[in-house]
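Here it is, the structure, as structure tokens.
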Amino acid sequence: MRPRPGPPLAVVGEVGTPAGEPEIFLHLEAIETIVDSLPGQAHLEVGGLLVGRECEDDAGIYLLIAGAVPARQAESTSVSITFTHQTWNQLSTEKASRYPDQAIVGWYHTHPGLGVFLSERDLFIHRNFFADTSHVAVVVDPTEFAWAIFYWQESDLVAAPGCYIYGELTGKYQRLSELLPRYQATAT
Ligand SMILES: [Zn+2]
């Protein structure tokens with residue numbers, strides 16, 4: 001595999017079986033932000049934006065998911081999350097200050113105890129707000145720590161078979177050993 005992303009970042013692992021196009025690279029910081037938004041909210045759906053960049057080199061198209069921005073004012077229940085006008089304002093303000101050089105590449109949300117899939121409502125949200133072919137959706141069931149990344153393949157949103165994990169080698173991401181092995185290449 002080509003060394004992408006390049007130094008000072010490096011691929012530190014993989015989940016599932018990365019294949020297909022685009023290849024997906026998920027930064028440890030994005031995973032950590034998602035995990036940190038779970039405690040205390042485990043029974044409610046939480047979510048937010050994913051930021052990063054779609055890139056291309058002579059090996060093909062790849063997607064760098066560099067970070068996550070949690071929604072702090074979403075209206076959530078145990079089975080749904082609604083990004084209100086205020087939610088979008090907060091997300092775009094925080095994205096602009098924390099990740100000014102990154103683009104929005106998708107969104108994430110949780111399914112407490114429900115499993116990892118995209119509901120009809122999720123598909124509606126994705127088709128209407130994340131319609132770019134590079135946009136992905138991360139779904140996490142925090143009760144199992146099961147998760148998957150859904151991406152566009154032709155006109156369908158399917159679970160990516162896997163992704164590469166990248167970041168700086170600082171050793172500060174201990175909690176991720178819980179989450180990383182639970183990647184579900186086949187959605188429930
Ligand atoms: Zn959902």
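Model, not experiment: these values are computed from the prediction. Note that ligands are numbered from 1 as they come in the structure, with each ligand's atoms numbered from 1 the same way.
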Which label fits W88 and F130: parallel for a plane angle under 30°, tilted from 30 to 60°, or perpendicular past 60°? tilted
Find out whether P18 and I24 are in side-chain contact, i.e. whether some heavy atom of one side chain is under 4.5 Å from a heavy atom of the other. no
Using a cut-off of strictly less than 2.8 Å, determine whether E45 has an N/O/S atom near the Zn ion (ligand 1). no
Note: NE2(H111)-the Zn ion (ligand 1)-NE2(H109) angle, rounded to 10 degrees, equals 100°
If you look at D122, which of its N/O/S atoms is nearest to the Zn ion (ligand 1)? OD2
For W107 together with F129, are the ring centres under 6.0 Å from each other? no
Using 30° and 60° as the class boundaries, would you call the ring planes of F117 and H111 parallel, tilted or perpendicular? tilted
